[in-house]
Amino acid sequence: MEIHRSKSAIRAELALWRKQDATIVLVPTMGFLHEGHLSLMRLARQRAGAQGRVVASIFVNPTQFGPGEDFESYPRDESRDFDLLRAEGVDAVFAPDATEVYDPHAQTIVETTELAKTLIGKLRPGHFRGVATIVTKLFNIIRPDAAVFGEKDYQQLAVIRTMTRDLDMGVEIIGAPIQREADGLAMSSRNVRLAPADRAAAPILARALDQAEAMAPSGITASRLRSHVRATLEAEPRARVQSVDIRDAATLDTISGPLTRPAVILLAVSFGKVFLIDNRVVHPSQEAP
Ligand code: PAF
C-alpha cells in the first residue's frame with residue numbers, strides 16, 4: 001500500500017492503474033479510523049472487484065470546521081490508520097497536508113445552495129460548503145469511478161449525491177450503513193473524546209431512535225413523533241439537544257402530518273464539547289422496508 005502526500009504522486013499511480021482498466025473506488029475520510037470506516041473500505045473493495053483499486057484519503061479538512069469548532073482537537077493517529085488500511089487490503093492512501101490541498105489564492109467553492117442551509121447547515125454555517133468543496137477536489141484529484149460515504153452523515157450524503165448529480169461529476173455514490181457499538185452508539189471518531197459519564201449516557205440517541213422506529217407505523221404524526229424523541233433525549237441530563245428533525249427520507253423536505261412515506265429522524269446532540277449525530281429511516285405501516 002503506497003502512501004502519497006502529493007497530488008502528483010497519487011496521480012502517477014492512478015495513471016498506471018487506469019492503463020490496466022482498473023475500477024477505482026475512493027473512500028474519503030478524516031482519519032482516526034474505526035470499524036465504521038473499515039466497513040466502508042470493504043464496501044469499496046466489493047465495488048472495485050479483485051482487479052480494481054481501493055484508494056482511501058485521510059485529510060482533516062479545515063474548511064469544514066467553523067470558528068470555535070473542534071478542528072484542532074479532532075483526534076488524529078496516522079500511523080495506526082495506515083496499519084488498519086494496510087490490513088484491510090487498501091491499495092493506496094492519499095494523506096496530504098493542507099498546503100498541498102489548498103492553493104493560498106483559491107477563490108472557488110462548491111455549494112449545494114438549499115441543502116447546505118438547512119438542518120446541520122443551520123448549526124454549522126459553512127460546514128457543507130467545506131465538505132462539498134473538498135469532496136469535489138478529491139474527485140478531481142483521484143477521478144474515481146465510485147466513492148463510498150457513511151449513512152451516519154445523512155445530510156452530508158445528500159449534499160454529495162446532489163452536487164454529483166448537479167455538476168455531472170460521473171462518480172457513483174455508494175452509501176454505507178451506520179455501524180454501532182454493542183450498546184447502540186453510532187461509531188464516530190469523536191466518541192473517544194467523550195468523558196466516561198458522557199460515553200455511558202450517549203446511547204440515549206440510539207434508544208430514542210429505536211423507540212421512534214417502533215412508533216412510526218402507528219399512524220403518529222411527524223410533529224408528535226418529534227416531540228416524543230426530543231422528550232426522551234431531554235430526560236438524559238448530560239445530553240444537550242441541538243436538534244431533532246423528521247424529514248422526507250428522499251428529499252429532506254419538512255414533514256409535519258402523518259407519515260405517509262419513509263422519513264428520516266435526524267439527531268444532533270452535544271455531550272460536553274463533543275457533538276454527536278445519528279439518524280434512522282422509519283417507515284409508516286404500509287411502507288415497510
Ligand atoms: O465524513 C467525513 O469524514 C468528511 O466530511 C469527508 C467526507 C471526508 C470530507 O472531509
Side-chain angles (χ1 to χ4, degrees), residues 4 7 10 25-41 43-44 54-66 69-78 80-82 84-85 88 90 92-102 106 109-112 115-116 119-121 123-142 144 146-164 167 169 171-179 186-193 266 268 274-279:
H4 298 290
K7 295 183 258 196
I10 186 122
V25 184
L26 171 67
V27 187
T29 81
M30 298 206 301
F32 209 73
L33 305 179
H34 50 67
E35 187 50 39
H37 293 109
L38 301 183
S39 75
L40 308 187
M41 305 300 157
L43 216 53
V54 174
V55 178
S57 64
I58 298 181
F59 180 60
V60 185
N61 173 37
T63 67
Q64 68 189 72
F65 290 80
E69 290 187 358
D70 59 349
F71 173 67
E72 300 298 340
S73 58
Y74 195 86
R76 292 160 169 90
D77 189 344
E78 238 188 28
R80 180 176 156 276
D81 288 346
F82 294 153
L84 288 169
L85 293 174
E88 212 50 62
V90 166
V93 180
F94 180 50
D97 66 20
T99 55
E100 175 68 12
V101 172
Y102 288 109
I109 53 159
V110 180
E111 188 157 49
T112 50
L115 263 180
L119 300 163
I120 287 180
L123 300 173
R124 303 185 67 190
H127 170 69
F128 288 117
R129 181 195 310 142
V131 170
T133 304
I134 188 62
V135 172
T136 302
K137 285 168 71 65
L138 290 168
F139 284 0
N140 287 338
I141 296 164
I142 311 290
V148 185
F149 297 87
E151 287 172 354
K152 183 168 81 68
D153 295 290
Y154 196 92
Q155 188 179 0
Q156 168 173 284
L157 186 54
V159 163
I160 291 166
R161 285 192 197 284
T162 302
M163 72 163 203
T164 308
L167 299 180
M169 290 180 166
V171 178
E172 178 193 343
I173 305 300
I174 301 169
I178 300 177
Q179 301 295 310
M187 289 185 185
S188 161
S189 302
R190 289 190 168 98
N191 290 351
V192 292
R193 294 182 41 233
L266 298 148
V274 184
F275 181 81
L276 298 182
I277 57 173
D278 201 350
N279 69 75

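Note that ligands are numbered from 1 as they come in the structure, with each ligand's atoms numbered from 1 the same way. Values reported hereafter were calculated over all heavy atoms of this structure, with side chains retained and with hydrogens, waters and symmetry mates removed.
- Judged by the 6.0 Å distance and 45° axis criteria, Arg76 is positioned over the aromatic ring of Phe71.
- Not a single donor-acceptor pair under 3.5 Å links the side chain of Arg129 to the backbone N or O of Ala116.
- With hydrogens and angles ignored, the 3.5 Å screen pairs no side-chain donor or acceptor of Arg193 with any backbone N or O of Tyr74.
- Using modelled atom types, no side-chain atom of Glu111 and backbone atom of Ala132 make a donor-acceptor pair closer than 3.5 Å.
- Looking at Ser189, its side chain does come within 3.5 Å of a backbone N or O of Phe32 through a donor-acceptor pair.
- Checking side-chain atoms of Asp70 against main-chain N and O of Pro75 turns up no donor-acceptor pair under 3.5 Å.
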Atom pairs and distances, ligand 1 N/O vs protein N/O under 3.5 Å:
| residue | atom | partner | partner atom | Å |
| --- | --- | --- | --- | --- |
| ligand 1 | 1 (O) | Gln156 | NE2 | 2.8 |
| ligand 1 | 5 (O) | Gln64 | NE2 | 2.9 |
| ligand 1 | 5 (O) | Gln156 | OE1 | 2.7 |
| ligand 1 | 10 (O) | Gln64 | OE1 | 2.6 |

